[in-house]
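All chains are named by letter (A, B, ...) in the order of the sequence lines, taking the proteins before the strands, and each is independently numbered beginning at 1.
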Protein chains: 2
Amino acid sequence: MSHMGYGCLMAVDRDHVLRSAAALLTRKSTATMDEVAKAAGISRATLHRQFAGRDALVRALEALGIAECEAALEAARPDDGPAGDAVRRLVARIEPHAPLLAFLYSENQLFEGEELNEGWTRIDERIAALFRRGQSSGEFRIDLTPAWLTEALYGLLASGAWAVAEGRVAPRDFTHMVTELLLGGVRRPDAPAHPDTPARRTDDRERRADA
Amino acid sequence: MSHMGYGCLMAVDRDHVLRSAAALLTRKSTATMDEVAKAAGISRATLHRQFAGRDALVRALEALGIAECEAALEAARPDDGPAGDAVRRLVARIEPHAPLLAFLYSENQLFEGEELNEGWTRIDERIAALFRRGQSSGEFRIDLTPAWLTEALYGLLASGAWAVAEGRVAPRDFTHMVTELLLGGVRRPDAPAHPDTPARRTDDRERRADA
DNA sequence: CTTGAATGAGACATGAATGTCTCACATGGG
DNA sequence: CCCATGTGAGACATTCATGTCTCATTCAAG
């Protein structure tokens with residue numbers, strides 16, 4: 001009798017399949033169950049034994065994404081210190097899972113009628129609370145609603161993951177690009193009021209990566 | 001002989017079908033050809049006569065999106081005045097087509113292997129040039145690459161369209177939310193003062209790393 | 001060695017969307 | 001009036017992903 005074969009081996013395999021599926025579906029969201037199985041190194045039958053159908057697989061990936069988001073949220077300590085720093089910590093923690101997030105983000109749009117997993121609403125609420133905290137402390141501007149900022153964070157994470165996958169952004173710049181744009185925006189803090197006037201010194205101390 | 005029946009009526013119908021398809025596929029990206037036809041008020045046969053297959057329809061929608069993006073880009077005069085104002089004009093012009101853009105943006109990820117329509121690269125280049133101009137004039141910060149800013153703009157437009165569709169953001173706030181977040185970021189430009197007051201002397205070097 | 005369980009390979013049926021076809025009808029021009 | 005064109009309705013075959021099934025094989029425990 002498999003006194004531990006089921007409780008241990010299955011769980012390990014299941015996690016490995018889940019990771020492989022996430023890595024594949026991130027790149028090709030329309031991958032076949034056959035391709036998913038092949039990517040995981042198992043047969044389609046075994047895949048179907050662990051996840052009863054594509055829907056169950058996507059749900060499991062959703063649960064994985066939710067769990068990892070909550071873990072990142074936990075590790076980021078969103079209630080400690082300046083809200084801006086908390087946002088930085090959060091993005092840095094979520095970064096490794098951004099591709100999966102992007103996949104789930106686009107997949108959620110297909111769940112149009114069906115009920116949304118409550119895990120997302122909890123995460124949304126926690127992130128929105130972080131932005132709300134920053135607004136209350138006077139650190140963040142108040143003309144952008146927390147709900148929009150949360151949605152924008154998801155959008156920037158998805159865009160960043162996509163840009164990295166396309167090779168338009170270096171992977172190591174991901175966190176910096178996302179956090180700096182989200183927190184500081186593209187406008188220069190001390191930008192000249194009229195750029196038509198004699199231009200300031202072109203301050204090239206920072207790295208210049210564009211072509 | 002249909003001396004004008006083909007040149008005029010067909011064109012009008014085709015445009016109407018295209019708009020209906022855009023409106024429907026925006027909400028339900030997996031809509032059937034049958035649903036698309038019904039939404040346009042025509043039969044599936046007629047739809048298939050005008051667009052030989054779903055692929056052709058998506059391509060036509062892509063061409064429509066490209067044309068509207070270029071028209072918006074043209075109307076926004078990206079080379080006139082402060083780059084920040086040009087970005088505002090651009091977002092305001094693109095706003096009506098943001099849902100279509102979001103659809104195409106997510107659809108492009110399925111064109112994995114196939115070649116990307118050159119129209120997008122032209123638009124990408126023009127938008128990147130706008131950001132580059134802002135950087136050259138000292139108006140924009142230079143540690144965020146124009147390619148990333150372009151991608152981020154797409155992401156924010158898609159997120160904004162999605163947030164509006166979900167009811168999380170009021171439609172009339174769309175342009176403000178997107179432009180203000182993109183240009184100014186979420187951080188308040190100054191200490192507890194009016195969030196809309198222009199930044200004057202916030203010279204924090206924002207180099208602080210994660211704790 | 002024997003046995004049971006999990007696996008891989010593959011056949012098979014199902015359902016859905018698509019593409020193609022025919023035919024009847026309406027309408028507008030000659 | 002007659003005819004041509006566009007259209008709607010629907011039947012039909014095709015393709016593809018999916019879900020289910022069987023069977024042989026492998027592997028580890030007893």
Side-chain angles (χ1 to χ4, degrees), chain A residues 1-22 24-62 103 106-107 109-114, chain B residues 1-22 24-62 103 106-107 109-114:
Chain A
M1 298 232 271
S2 59
H3 62 292
M4 63 166 284
Y6 192 91
C8 173
L9 288 177
M10 280 284 282
V12 169
D13 270 346
R14 184 188 151 97
D15 189 75
H16 167 246
V17 171
L18 222 42
R19 302 285 173 178
S20 308
L24 173 61
L25 290 173
T26 282
R27 301 192 306 267
K28 187 183 180 186
S29 61
T30 62
T32 304
M33 292 290 278
D34 223 336
E35 301 174 271
V36 172
K38 189 172 299 181
I42 62 176
S43 72
R44 195 163 67 98
T46 302
L47 173 62
H48 204 272
R49 282 176 192 120
Q50 291 181 340
F51 302 98
R54 186 189 186 77
D55 195 63
L57 175 62
V58 174
R59 298 294 179 159
L61 283 173
E62 189 182 28
F103 163 72
S106 68
E107 199 79 1
Q109 307 189 7
L110 305 190
F111 293 172
E112 13 154 353
E114 315 168 26
Chain B
M1 290 200 284
S2 61
H3 64 292
M4 63 167 284
Y6 191 90
C8 174
L9 288 177
M10 281 285 282
V12 169
D13 269 347
R14 183 186 151 97
D15 189 75
H16 168 245
V17 171
L18 223 43
R19 302 285 174 177
S20 307
L24 174 60
L25 290 174
T26 282
R27 300 191 308 267
K28 188 185 180 185
S29 60
T30 61
T32 304
M33 292 292 278
D34 223 337
E35 300 175 273
V36 172
K38 189 173 296 180
I42 63 177
S43 71
R44 194 164 68 99
T46 302
L47 173 63
H48 203 273
R49 282 178 192 118
Q50 292 181 340
F51 303 98
R54 186 190 187 75
D55 195 63
L57 176 62
V58 173
R59 299 292 179 162
L61 283 173
E62 188 181 29
F103 164 71
S106 67
E107 199 78 2
Q109 308 191 6
L110 305 192
F111 293 172
E112 12 152 356
E114 313 167 26

Inset, instruction - Kindly write out the residues that satisfy side chain to side chain contact (heavy atoms under 4.5 Å, CB included) with A:T26, not counting sequence neighbours, or none if the list is empty. - result: A:P99, A:F103

Legend entry - Under the side chain to side chain contact (heavy atoms under 4.5 Å, CB included) test, residues paired with A:E35 that sit two or more places apart: A:L24, A:K28, A:A31, A:T32

In a table with atom names and distances, give each donor-acceptor pair under 3.5 Å that connects a side chain of residues 37-48 of chain B to protein atoms at least two apart or in another chain.
from, atom 1, to, atom 2, distance (Å)
B:S43, OG, B:T46, N, 3.3
B:S43, OG, B:T46, OG1, 3.3

Legend entry - Spacing between B:F51 atom CZ and D:dT7 atom P, to the nearest angstrom: 12 Å

Restricting to nitrogen or oxygen on both sides, can you table the protein-nucleotides 17-23 of chain C pairs closer than 3.5 Å?
from, atom 1, to, atom 2, distance (Å)
C:dT18, OP1, B:R54, NH1, 3.2
C:dT18, OP2, B:M33, N, 2.9
C:dG19, OP2, B:R54, N, 3.4
C:dG19, N7, B:R44, NH1, 3.2
C:dG19, O6, B:R44, NH2, 3.0

Inset, instruction - Supply the atom-to-atom distance B:R59 CZ to B:L57 CG, rounded to the nearest 0.5 angstrom. - result: 11.5 Å

Inset, instruction - Give the rounded distance in Å between these two atoms: CG of B:D13 and P of D:dT7. - result: 6 Å

Inset, instruction - Look at the side-chain N and O atoms of B:T46 and state whether any lies under 4.0 Å from the OP1 or OP2 oxygen of D:dT7. - result: no

Legend entry - Residue pair A:A56 / A:A52: nearest heavy atoms and the distance that separates them: CB-O, 3.6 Å

Inset, instruction - Determine to 10° how strongly the helix from C:dC1-D:dG30 to C:dG30-D:dC1 is bent, judged from the axes of its five-pair ends. - result: 10°

Legend entry - B:L18 side, atom CG; B:Q50 side, atom CD - distance, nearest 0.5 Å: 9.5 Å

Legend entry - Flag, side chain of A:S20 to backbone of A:H16, donor-acceptor distance under 3.5 Å: yes

Legend entry - Nearest-0.5 Å distance, CZ of residue A:R49 to CZ of residue A:R14: 16.0 Å

